[in-house]
There are 2 protein chains.
Amino acid sequence: MNRFIIPMMMGRPQTVKVRDVAREAGVAVGTVSRVLNDHPRVTPELRERVEKAMAHLGYEVDVTAQSMRAGRSRLVACAIRDFDIPRFALFIKEAEAVLREAGYTLLLASTTNRADIEIGLLSAFRRRRVDGVMMTLSDEQHRDVREALSAASMPVLLIDRDGITTLDRVTADHREGARLATTHLLGLGHRRIAMLVGDLKAFPSRSRLEGFREACSAAGMVPHPRLLRDNVLSGEDAYRATVSLMALAEPPTALFVAAMDTLGGCLRALRTMGIAAGDGISVVAGSDSDLAELHAPPITAITWDLAAMGRHAATMLLERMRGDEIEGGRGLAVPTQLIIRGSTRPLPS
Amino acid sequence: MNRFIIPMMMGRPQTVKVRDVAREAGVAVGTVSRVLNDHPRVTPELRERVEKAMAHLGYEVDVTAQSMRAGRSRLVACAIRDFDIPRFALFIKEAEAVLREAGYTLLLASTTNRADIEIGLLSAFRRRRVDGVMMTLSDEQHRDVREALSAASMPVLLIDRDGITTLDRVTADHREGARLATTHLLGLGHRRIAMLVGDLKAFPSRSRLEGFREACSAAGMVPHPRLLRDNVLSGEDAYRATVSLMALAEPPTALFVAAMDTLGGCLRALRTMGIAAGDGISVVAGSDSDLAELHAPPITAITWDLAAMGRHAATMLLERMRGDEIEGGRGLAVPTQLIIRGSTRPLPS
DNA sequence: AAGAGTCAATGAATCGGTTCATCAAATGCG
DNA sequence: CGCATTTGATGAACCGATTCATTGACTCTT
C-alpha cells in the first residue's frame with residue numbers, strides 16, 4: 001500500500017501569532033498585547049489565561065513587527081575601523097554587556113577606516129531603523145561624512161574621536177599619555193626621539209603628536225621632523241618604519257611607538273637588526289599589552305581603561321536614546337597613565 | 001510682535017515612503033516596489049522616473065518593513081564565549097566581511113560560556129527573525145541547549161565545536177596540533193609534561209587532550225594526572241596553575257599551555273618565580289601570538305588560519321541560508337601546524 | 001434611582017513595504 | 001481583421017504586532 005509522501009514544509013515557517021494566542025485564550029488581540037507589554041490594567045485572571053495560552057502554543061513575539069510598529073528597532077550599531085585590534089575587543093565586550101542589559105542588541109561592522117564605507121554604513125543603519133550608533137571616523141573633517149552624520153536621524157557617539165563637538169564623544173587622553181611618555185624620555189637624557197604614529201587626520205594620532213610636541217617645547221627642544229613617521233597603521237608599517245629609522249646616519253636613541261597594536265612590528269624589526277630594546281635603544285609603547293609587559297626587557301607603555309570606555313560609551317548612548325534632553329555633545333576623556341618598565345633607560349653620556 | 005514658537009519635532013520622524021514616491025512619480029506603489037527590487041519587467045522610462053522621484057524625495061527603504069513582509073531579516077547572529085580573545089576578532093572580522101558582501105549584517109553577542117545565556121540568545125535571535133546563527137557552545141551535550149538548537153528554526157553553524165553532527169561545523173584541528181606539540185616535547189626527552197587546558201566539556205580542549213594522550217601512548221608513556229590542569233580559561237587561571245605546578249615536589253620539565261590566550265599568565269608566573277622559559281622549563285603555546293613570537297626566548301606555538309575559519313563559516317552559513325539542499329551537517333577542519341622556536345629544548349640528561 | 005466616573009476589554013486602523021490576481025494595451029499569427 | 005498571447009502596470013490584501021477610540025459593566029454620589 002502506498003504511503004502518502006509528506007511534503008517538506010516550504011516557505012514561511014508558520015509561526016504562532018497574537019491572533020492565535022487570542023483565539024486560544026478566548027480574548028481579543030489587544031488584550032494579548034497588553035499582557036505582553038505588562039500593561040497595568042489587566043486582571044490577573046485574564047493575564048494567567050493568556051500566559052497559559054502563550055506557553056501552550058509556544059508563542060514568541062516577532063521583534064520585527066514590534067520594530068515596524070514602534071519605529072525603533074532596539075538595535076545599536078557599532079562601527080569601528082578594524083576590530084582586529086585586540087584591545088578594541090574589550091571596548092566592544094563591555095559596551096555589548098551594558099547594551100544587552102538594557103534590552104538592546106549590538107550590530108557590528110568594520111569601516112576599514114574608509115570614509116565611503118562609513119557613509120554607506122550610516123545609511124544602512126538608518127534603513128534598519130537602528131536606535132543609536134557608536135563609531136570611529138577616518139577623518140572628522142571629511143565633508144561628506146559630516147553631512148551623513150547630520151542626516152543621521154539617530155544619536156551617534158564617537159569612539160576615540162573628538163572633532164565633532166555636537167556629538168557625544170568617549171576618548172582616551174592620548175595627549176596626556178604622549179606628554180608623559182615624552183617627558184619621561186627627555187628626563188632620561190634622550191633628544192633624538194623617533195615617533196611612530198597612525199593617521200594624523202584622526203584624533204588619537206593627532207593628539208598623541210600634540211602631547212609629544214608639548215613635552216618637547218616644555219623642555220626647550222625642537223623635535224626633528226625626519227624622526228616622525230605617521231601613517232603607521234599595521235605591524236608591517238611599524239616594521240618598515242623602524243628599519244628605516246635605525247638605518248639613518250644619526251639614528252634615534254629612543255622610539256615612541258605610539259600607534260595602537262604596532263609594537264610587535266617594531267620589536268620584530270629591532271630583533272632582526274640585532275638591536276636590543278632598552279640597551280641599544282629605549283622603547284615606549286603607545287598602548288599596553290601582554291607583549292609589552294612580558295617582553296625582555298619589559299616595555300614602558302601607556303595604558304588606559306578600555307573597558308570603562310566601552311561602558312561609558314554604551315551608557316551615554318543609552319541616555320541619548322532614552323531621549324534625555326541633553327545640551328550639545330558631551331565629551332568624556334578616560335585618563336591615561338605611563339607604566340615605566342625596563343625598556344627606557346638613561347642615555348649613556 | 002510675538003513669534004510663534006516652533007515645537008520640537010517629536011515622536012516618529014516623518015519619513016518618505018513608497019506611497020510618497022509613487023505619488024511623486026505618478027505611478028502605483030507596486031511599481032515603485034518593483035523598481036526597488038530590480039524586477040525585470042519595468043520599462044526603463046518608468047524606472048528612471050521612479051528613481052528620479054526617489055532621489056528627489058531622499059527616499060530610503062525601511063528594512064524593518066521589508067523584513068516583516070519577507071519573514072527574513074538579512075541579519076546573521078554571531079555569539080561567542082568571549083570576544084575579548086584577540087584571535088577571535090580575526091574570525092569575526094573575516095566573517096563579517098563575507099556576510100556584508102552578501103548583503104547581511106552581523107549581530108554580535110557574547111555568551112560568557114554559559115548554557116542559559118546561549119539558550120536565551122537563541123530565542124532572542126529567533127524573535128528577531130535572524131536568518132542564520134554562528135556560535136560557540138559551552139557544552140555540546142547539554143540537554144536544554146540541544147533542545148533549543150533543534151527548535152531554532154534557522155540554520156546554526158558551530159564555531160570550533162564538533163559535537164553535534166547534524167549542524168555545520170568549522171573547527172581547527174586542535175587534536176593534530178596537540179599531537180604535534182606533544183610529540184615534539186617527547187622527542188626532546190621530556191616525560192613530565194604538564195598541560196594547561198580549558199573546559200573539557202568543549203571541543204577544543206577535549207580534542208587537545210586527545211591529541212596529547214595520543215602522542216603519549218604512541219611513545220608508550222602514561223601522562224601523570226597531577227600534571228593535567230583543566231578549566232584554565234583566563235590569564236589568571238594560567239598564572240595560578242603554573243605556580244602550583246612548579247611548586248610540586250617533582251615539577252614538570254615542560255609546559256603545554258594549550259588554552260587560548262593564556263600564555264601571558266603562564267609566562268608571568270614563570271617570571272615571578274625566576275624560572276626561564278626554554279632554559280629552566282620548555283614551553284609550548286596552544287595558539288600563536290605576537291607575545292609568543294617576540295618573547296625571549298620565542299615560544300614554540302601551534303598556529304592555524306583563523307581568518308580562513310571566519311570566511312568558511314560565513315560561506316557555509318550563506319549556503320544554508322540560500323536554502324541549498326545539503327545533506328546533514330558538514331564539518332570543516334582547518335589544519336594546524338607547530339612552529340618550533342627557542343622555548344622548547346632537549347631535556348638535560 | 002439617575003448620573004458621573006472608573007475600569008477592562010475590544011477590535012479596527014496603523015506601521016511601510018511586497019505580492020499577486022486582475023486588467024489594459026500591445027503584439028503575434030494565420 | 002479577429003483572436004490568442006504576452007507584457008507592463010495596478011492596487012487591495014497581507015506580514016504581525018500595537019494603539020486608541022469605543023463599549024459595556026461596575027462603583028460611587030447625591
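Not measured: the values here are computed from a predicted model. Here is how names work: the chains are called A, B, and so on, in the same order as the sequence lines, proteins then strands, and each is numbered from 1. Both backbone and side-chain heavy atoms feed into the values below; hydrogens, waters and symmetry mates do not.
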Which whole-number value in Å describes the distance from B:L46 CG to C:dA26 P? 14 Å
N/O (side chain, B:R34) to phosphate O (OP1/OP2, D:dA9) under 4.0 Å: yes
Nearest-Å distance for atom pair CG/C1', residues A:D62 and D:dC15: 9 Å
Would you call A:D38 and A:R47 a salt bridge, using N to O less than 4.0 angstrom? yes
How close or far is atom P of D:dC15 from atom CG of A:D20, stated in whole angstroms? 11 Å
It should be established whether A:T15 places a side-chain nitrogen or oxygen under 4.0 Å from OP1 or OP2 of nucleotide D:dG16. yes
In whole angstroms, the gap separating C1' of D:dT18 from CZ of A:R69 amounts to 5 Å
First locate atom CG of B:L149, then atom OG1 of B:T166, and finally report the distance between them rounded to the nearest 0.5 Å. 8.0 Å
Within this structure, what is the CZ-to-P distance between B:R127 and D:dG16, rounded to whole angstrom? 17 Å
Rounded to whole Å, please give me the gap between CZ in A:R129 and P in C:dG16. 7 Å
CZ of A:R49 versus P of C:dA8: gap in Å, rounded? 15 Å
Report all side-chain donor-acceptor pairs from residues 23-35 of chain A shorter than 3.5 Å, counting only partners two or more places apart or in another chain.
| from | atom 1 | to | atom 2 | distance (Å) |
| --- | --- | --- | --- | --- |
| A:E24 | OE2 | A:H56 | ND1 | 2.9 |
| A:S33 | OG | A:N37 | ND2 | 3.4 |
| A:R34 | NH2 | A:R41 | O | 3.1 |

State, to 0.1 Å, how close B:D116 and B:R114 come at their nearest heavy-atom pair, and which atoms those are. OD2-NH2, 2.7 Å
Have A:R146 and A:S150 got a donor and an acceptor in their side chains that come within less than 3.5 Å? no
Would you say a side-chain N or O of B:T31 is under 4.0 Å from OP1 or OP2 of D:dA9? no
Closest to the side chain of B:A65, out of D:dT19, D:dG16, C:dG16, is C:dG16
Describe the nucleic acid contact of A:V32 in one word from base, sugar-phosphate, nothing, applying a heavy-atom distance below 4.0 Å. nothing
Within residues 36-45 of chain B, residues whose heavy atoms come under 4.0 Å of DNA chain D: B:R41, B:V42, B:T43
The residue, B:G26 or A:V29, whose nearest nucleotide of DNA chain D is more 5′ is B:G26
N or O in side chain of A:Q66 less than 4.0 angstrom from D:dG16 OP1/OP2: no
Around atom CD of B:E48, are there more than 12 heavy atoms of other residues, nucleotides or ligands at under 6.0 Å? no
For A:D162, the side chain to side chain donor-acceptor pair (under 3.5 Å) test, sequence neighbours excluded, returns A:R169
Rounded interatomic separation in angstrom, taking CE from A:M68 and C1' from C:dT18: 11 Å
